[in-house]
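Each remark here refers to the structure printed beneath this line.
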Amino acid sequence: MWRSAGGDTNISLGCSDIIGEHARLRDAGVDVDDEVLVLGENVPRMFRLRDPDGNVVQIIEHR
């Protein structure tokens, strides 16, 4: 079923430079988390972004 806009999309995208990508998107005016989430050595760093409708996409760093 279709749901209304806004909320977690369960979509994750990967990148190789999470710090650079976070800064690039933030500087472009994208609604991103304030900081990159770092949970530990064996967990990929990540952050989330939101589109104008409030849909959430997760960005994860590939190692």
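Distance check, rounded to the nearest 0.5 Å: CZ of Arg45 to SG of Cys15 gives 9.0 Å. If you take OG1 on Thr9 and CD on Gln58, they are separated by 9.0 Å, rounding to the nearest 0.5 Å. In this structure, Leu13 CG and His62 NE2 are separated by 8.5 Å, a value rounded to the nearest 0.5 Å. Atom-to-atom distance recorded for Phe47:CZ and Leu37:CG is 11.5 Å, nearest 0.5 angstrom.
Side-chain heavy atoms closer than 4.5 Å link hydrophobic residues (I, L, V, M, F, W, Y) into clusters, and following such links, even through other members, never connects Ile59 to Leu39.
When the side-chain hydrogen bond (donor to acceptor under 3.5 Å, both in side chains) test is applied to Asp17, no partner is found at least two apart in sequence or on another chain.
Listed by first and then second residue, the side-chain hydrogen bond (donor to acceptor under 3.5 Å, both in side chains) pairs involving residues 27-39 are Asp31-Arg50, Asp33-Arg50 (not counting sequence neighbours).
Proximity of Leu49 to Val56: side-chain heavy atoms (C-beta onward) are nowhere separated by under 4.5 Å. Using a 4.5 Å heavy-atom threshold, the side chains of Val36 and Ile19 count as touching. Residues His22 and Val32 are in side-chain contact: their nearest non-hydrogen atoms beyond the backbone lie under 4.5 Å apart.
The closest donor-acceptor contact from the side chain of Asp53 to the backbone of Asn55 lies at 3.5 Å or more, if one exists at all.
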